[in-house]
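Encoded as C-alpha cells, the structure appears first; notes follow it.
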Amino acid sequence: MDVLDTDWLVLGGGAAGIMAAIRAKELCPTCRVTVIEKANVQRSGCLAAGINAINAYLNPGETAESFLSYVKAEFANLVRDDLVYTLAERLNEMTDRLVEWGLPVFRDEQGRYLRRGRASVQINGEAIKPLMVAALHQSGAEVFNHRVATDLIIINDRVVGALVLNLADGSFTSVRAKGVLIATGGVSGIYGPNAGGAARHKQWYSPFNAGAGWAMAARAGAELTSLEMRFIALRVAHTMAPTGTLAQGVRTPHINRINAHYLNDYTYEQVEPTTAERLWATLQEEKQGRGPCYLDTRGLTPEQGKRLQKAYLSMCPTQVLQWSDAGKRPEEMPVPITGSEPYLVGGHGMAGLWIDERRRTTVTGLYAAGDAAGGAPKKYVTGSMAEGAIAAETFLEEIQDWQEPNPGAWKVAVDRALQRAKEPLLFNVNASQKTDEHSNSIGSAVSRNSLINSKNVATDGKNQIRQLEEQLQAVMDRWAGGRPAGYVYDAEGLLRAQQEVDYLIEAGRELKAGDAYELMRVHEVWDRLLLARLLLAHMLYRKESRWPVYQSRLDYPSRDDQRWRIFVNSRIPVQNVQKKIEIKIIERPPVDSHGTGGQSVLSAFGGGTA
Amino acid sequence: MTLLIDAQRCRRCGEQPRCADVCPGNLLVLPERGHIISREPDDCWDCGACIKVCPQQALAVSLPPEAGGQGSTLRAKQIAGKIRWTLEHPDGRLETIEL
Ligand SMILES: Cc1cc2nc3c(=O)[nH]c(=O)nc-3n(C[C@H](O)[C@H](O)[C@H](O)COP(=O)(O)OP(=O)(O)OC[C@H]3O[C@@H](n4cnc5c(N)ncnc54)[C@H](O)[C@@H]3O)c2cc1C
Ligand code: SF4
Ligand code: SF4
C-alpha cells in the first residue's frame, strides 16, 4: 500500500477545504498541503451547479456584533457566539478574495457589492467552484481527485493521518499528516427525499455529502453537537431549488391556494419573518388545508422573468425546466414551495463537529470547518471559507508539537483502518479468488448472508446498498420526524426508530461491494446509519421544543430556557467503536461573551457531563 | 432517470472523459465500447456539471416525471468563456439563454 507524507491534510475540496489549503500555503509556502477529494474539486460538493448570492456578508452598517445578534435571534438564542463572531470578522475578506479570483459581482451606484438581503450580496456564481480551484492550484497545494477518505488513523488518541480509497483502481493509500482537517460537508440521505424513484436525488443538499467526516471523527472519539437541530429548507416543490432568489432577490409574495398573502397572518419574533418562520408559516397553511403555497411571480415583468431564468441556470438549472414543462414563462406561473427533507448541515444549521474558537475538534490533531463544523449557523460559503482559513492558521501555530509516530504503532493503526475499510470487499470475493487467509470471514459471511436473504434484501450488491439506505430513510421518516410525519416526533417513536436503526446497522455489516465505487457506497450507508443513530440520541435527549420545525417535539411542545439553553453533544467512547454503539451525551453551557481575547476557548470545553 | 445521453453524439473524449471527471457523484463511466453511461441514473443530482463540459453536447438534463417532468430538456455549450444554454420545450420549440 502506498504511504504519502504531508503536513496539512485537508479532507474534502469544497469551500472550506479549498480555503484551508490556500491559507496554509500562503502562511507556509514550504509546507506540504494535500487535498483529498471524493469527486473532482472542479465541481464537487454543494457548489457543483453554482450559486447566485453570497449569503454571509457584512453590508455597510453591519458589524461582526450585529451579524452575531442576527444569527442568534434566528436560532432561539442558542448559538456558539465565539464561532459566529470569529467567522463574521472574516466574511468580507473572503468575499473580496472571491472577487479577486474572478467572481463576477454586481455593484450599486456607489460601487459597493449589490445588496440582496441584510447579510447577502448578489453575484454571478455559476463558475464559483472552478474559480476557487484555479486559486487552489495557484497556491501550490496538491490535489488528489476521486479519492475517498474512509477513516482517520489514530495513535495514542491523536489523529496522525487518514486512509484513502482511490476510486480509479480500488487501491488504498495511507496519508501521514501533522494535522487533519475535516471539510467533507454536512449530511443528506438520512431522511427520505421529497420524491422517490428517478427523482430520489432531486434534493436541495448535495446527495453526495454523506457525512463521512462526522462519522470518521465520531469513530475517533470526537464530540458532535446539536444534531437534533436538523435543517429543513423552504424550497421549490419538485426541483428543491432555493427560494431566496425569489423571496429576497425579486421579493415575490408568499400566497396560499386561495391567493391570500398568508405571511401576514402569523406573528414573528422579528419584524421581517426569518427563513425558519417562513417555513413554519407555509407548513401551517399546508396543515390547515390551504396548501399548496406559492411564491407569486406573476407580478414580474418579462424582463425580470428572463433574469430569473438566468439566476436559476447559475445555481439550479432544473428550475428552468419546471416552467418550461408547464408551458409557462416564469412571470406567468407562481412557483410551488414546500419543506425539504431534513438535513444535518453546519453551514445552515447548528449540527456538526464540536470545535473551539480556533476550529480544533476535541481530538488532538483534528480540525473542522464549514458545513462539517457545528454551532455557527448561517455561515454559508464565505463563513465556511473563513473557518477553513482559521483552522489552517491554528494548525500552523501547533505544527511544532508534532512528533513522528512510531513505525510499529503506525502499521497497527493503518492495518486496523484498512481492515474495516475493506470488509465489504472480502465478502464479495468469488470462489476462484478466495484465499486461505480470507476463508474464515467468507465462511461467516455466507451464514450471515442467509439472514440477509431471509429479510428480503436483494442479493445483488448495488441494490442491496440502495435498499438499506431507503430502509433507513423509511424508518427515520416515520418515527423520527421526517417530512411525511410533519417533522414532529415523540419519545415513543424515537425509541422505536433506535431499535430499527440498530437492526439496520447489523444488516449493514453484510453489505457487499464488487468494485471501488460500490465500496464507497457501502461506506456512505454505514456512515449514514451511524449518524442516524447519533441523531436519534440527540433528539431523545433534548426534552423541549426549541427550534420550530427543526426541533419540535409532540411530548415536550414548549421551549424551556431554564433547563435547555445548553448544547447537547455526543461522543462514542473510542474503546467501544467495534462493539455495539455506545453513545455518551454531554451537556455544554453556552458561552455568551464573544470577545476575541481567547477566554472562550477553554470555557467552550469546560461543560459538565450528564 | 434525468440525465439524457445522446449515444450518437458521445465521442468518448479521452482516457478520463470530461463528463465523468467532473460529476460530483462519480456516476458516469465509460464502458470498453460505446458511449458514456451512468452507473445509477436515479442518483443524478441534476447539477448540470457534466453537460457543461461535454464538447459534443451529447448530454442533457430533464426533470423526471416523479418531479413533474414533461419532456423539456436543457443542453449547454461553452462559447468564449460563456455558457449558451439551449432549452427545448415539450413542443419542440428551442430557446437559447446565454450566461
Ligand atoms: C444547492 C445549494 C445552494 C447553495 N446556495 C448558496 C448561496 O447561494 N449562497 C451561499 O452563500 N451559500 C449557499 N449554499 C451553502 C454553501 O454552498 C455551503 O455552505 C458551502 O459550500 C459549504 O462548504 P463545505 O466546504 O463545508 O462543503 P462542500 O462545499 O460541500 O464541500 C465538501 C467536499 O467534501 C467532499 N467529500 C465528502 N466526503 C468525502 C470523503 N469521504 N473523502 C473526500 N472528500 C469528501 C465532497 O465531495 C465536497 O467536495 C448552498 C448550498 C447548497 C447545497
Ligand atoms: S464529455 Fe461528452 S463526448 Fe466526452 S465522454 Fe462525456 S458524453 Fe461523451
Ligand atoms: S448532472 Fe451532475 S450529478 Fe448528474 S450525471 Fe451530470 S454531473 Fe453527475
Side-chain angles (χ1 to χ4, degrees), chain A residues 38-50 124 126-127 129-130 145-146 148 167-168 193-203 205-209 237-240 306 309-311 313-314 316-327 336 462 466 515-518 520-521, chain B residues 1-4 15-16 18-29 38-53 60-76 78 81-91 93-99:
Chain A
K38 170 183 189 170
N40 182 326
V41 285
Q42 284 293 341
R43 288 284 177 182
S44 63
C46 290
L47 299 172
N124 176 1
E126 187 283 324
K129 201 70 207 291
N145 289 317
H146 306 292
V148 187
L167 285 177
N194 265 38
R200 75 183 217 102
H201 276 179
K202 276 258 48 81
Q203 307 175 0
Y205 199 67
S206 167
F208 313 119
N209 280 358
H238 299 313
T239 63
M240 286 292 113
K306 272 198 192 123
Q309 277 185 316
K310 287 189 181 183
L313 283 173
S314 325
C316 181
T318 46
Q319 181 52 37
V320 172
L321 293 169
Q322 185 174 63
W323 285 302
S324 157
D325 278 326
K462 213 150 88 176
R466 175 168 167 170
D515 59 23
Y517 173 80
E518 285 181 16
M520 173 189 80
R521 290 283 294 126
Chain B
M1 175 157 163
T2 53
L3 179 73
L4 307 172
E15 278 280 290
Q16 173 66 291
R18 294 192 205 176
C19 57
D21 195 25
V22 298
C23 173
N26 291 292
L27 296 175
L28 302 174
V29 274
S38 173
R39 312 171 193 265
E40 286 282 350
D42 294 355
D43 283 359
C44 175
W45 188 25
D46 294 329
C47 70
C50 58
I51 68 173
K52 288 184 259 187
V53 294
V61 277
S62 65
L63 269 179
E66 287 91 334
Q70 296 175 43
S72 41
T73 61
L74 265 174
R75 276 171 214 278
Q78 307 258 7
K82 292 199 159 176
I83 302 174
R84 180 182 296 160
W85 291 88
T86 305
L87 171 61
E88 183 171 348
H89 294 272
D91 59 8
R93 205 162 32 89
L94 297 179
E95 179 180 350
T96 48
I97 305 161
E98 207 162 275
L99 286 193

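Values in this document were obtained by computation on a predicted structure and should not be read as measured data.
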**OP:** With rounding to the nearest 0.5 Å, note down the distance linking OG1 in B:T96 to CZ in B:R75.
**Re:** 14.0 Å
**OP:** Below 4.5 Å from any heavy atom of chain A, which atoms of B:I83 appear? Answer side chain, backbone, both or neither.
**Re:** side chain
**OP:** Could you look at B:Q16 and say if it's the side chain, the backbone, both or neither that has a heavy atom under 4.5 Å from chain A?
**Re:** side chain
Original post:
Which region of B:L99, side chain (C-beta onward) or backbone (N, CA, C, O), has a non-hydrogen atom less than 4.5 Å from a non-hydrogen atom of chain A, or is it both or neither?
Top reply: side chain
Original post:
Taking atom types as modelled and ignoring hydrogens, do the side chains of B:S72 and B:H89 form a donor-acceptor contact shorter than 3.5 angstrom?
Top reply: no
Original post:
Just checking, any donor-acceptor pair under 3.5 angstrom between side chains of A:Q322 and A:H238?
Top reply: no
Original post:
At a heavy-atom separation under 4.5 Å, does B:W85 approach chain A through its side chain, its backbone, both, or neither?
Top reply: side chain
Original post:
Picking from B:A76, B:P24, B:G48, which has the most non-hydrogen pairs under 4.5 angstrom with chain A?
Top reply: B:P24
**OP:** Select, from B:D43, B:D91, B:V29, the one with the greatest count of heavy-atom pairs under 4.5 Å involving chain A.
**Re:** B:D43
Subject >> Atom group of A:K129 that falls short of 4.5 Å from chain B, counting heavy atoms >> reply: neither
**OP:** Go through the side-chain N and O atoms of B:D46 and B:T2 and say whether any donor and acceptor fall under 3.5 Å apart.
**Re:** yes
Original post:
If you count heavy-atom pairs under 4.5 Å with chain B, which of A:H146, A:R466, A:M240, A:M520 comes out on top?
Top reply: A:H146
Original post:
Do B:R84 and B:E95 sit within salt-bridge range, that is, some charged N less than 4.0 Å from a carboxylate O?
Top reply: no
Original post:
Yes or no on side-chain contact (heavy atoms from CB on, under 4.5 Å) for A:R521 and B:E40, after CA distance, side-chain angles and deciding distance?
Top reply: CA-CA 12 Å; A:R521 290 283 294 126; B:E40 286 282 350; 5.9 Å; no
Original post:
Taking every heavy-atom pair that is under 4.5 Å apart, which of B:V22, B:L87, B:I97, B:N26 has the most such pairs with chain A?
Top reply: B:N26
**OP:** Name the region of A:L321, side chain, backbone, both or neither, that has any atom closer than 4.5 Å to a heavy atom of chain B.
**Re:** both
Original post:
Taking only residues two or more places apart in sequence, or in another chain, which ones meet B:R39 in a salt bridge (Lys or Arg N to Asp or Glu O under 4.0 Å)?
Top reply: none
Subject >> Residue pair B:I51, B:V61: steps toward the side-chain contact (heavy atoms from CB on, under 4.5 Å) verdict >> reply: CA-CA 8 Å; B:I51 68 173; B:V61 277; 4.0 Å; yes
Original post:
Based on non-hydrogen pairs under 4.5 Å, which of A:G327, A:S324, A:C316 is most in contact with chain B?
Top reply: A:S324
**OP:** Go through A:Y517 and B:L27 one step at a time and tell me if the side-chain contact (heavy atoms from CB on, under 4.5 Å) criterion holds.
**Re:** CA-CA 9 Å; A:Y517 173 80; B:L27 296 175; 3.4 Å; yes
Original post:
At a heavy-atom separation under 4.5 Å, does B:E88 approach chain A through its side chain, its backbone, both, or neither?
Top reply: backbone
Original post:
Which one, A:Q42, A:K202, A:K306, leads in non-hydrogen pairs under 4.5 Å with chain B?
Top reply: A:K202
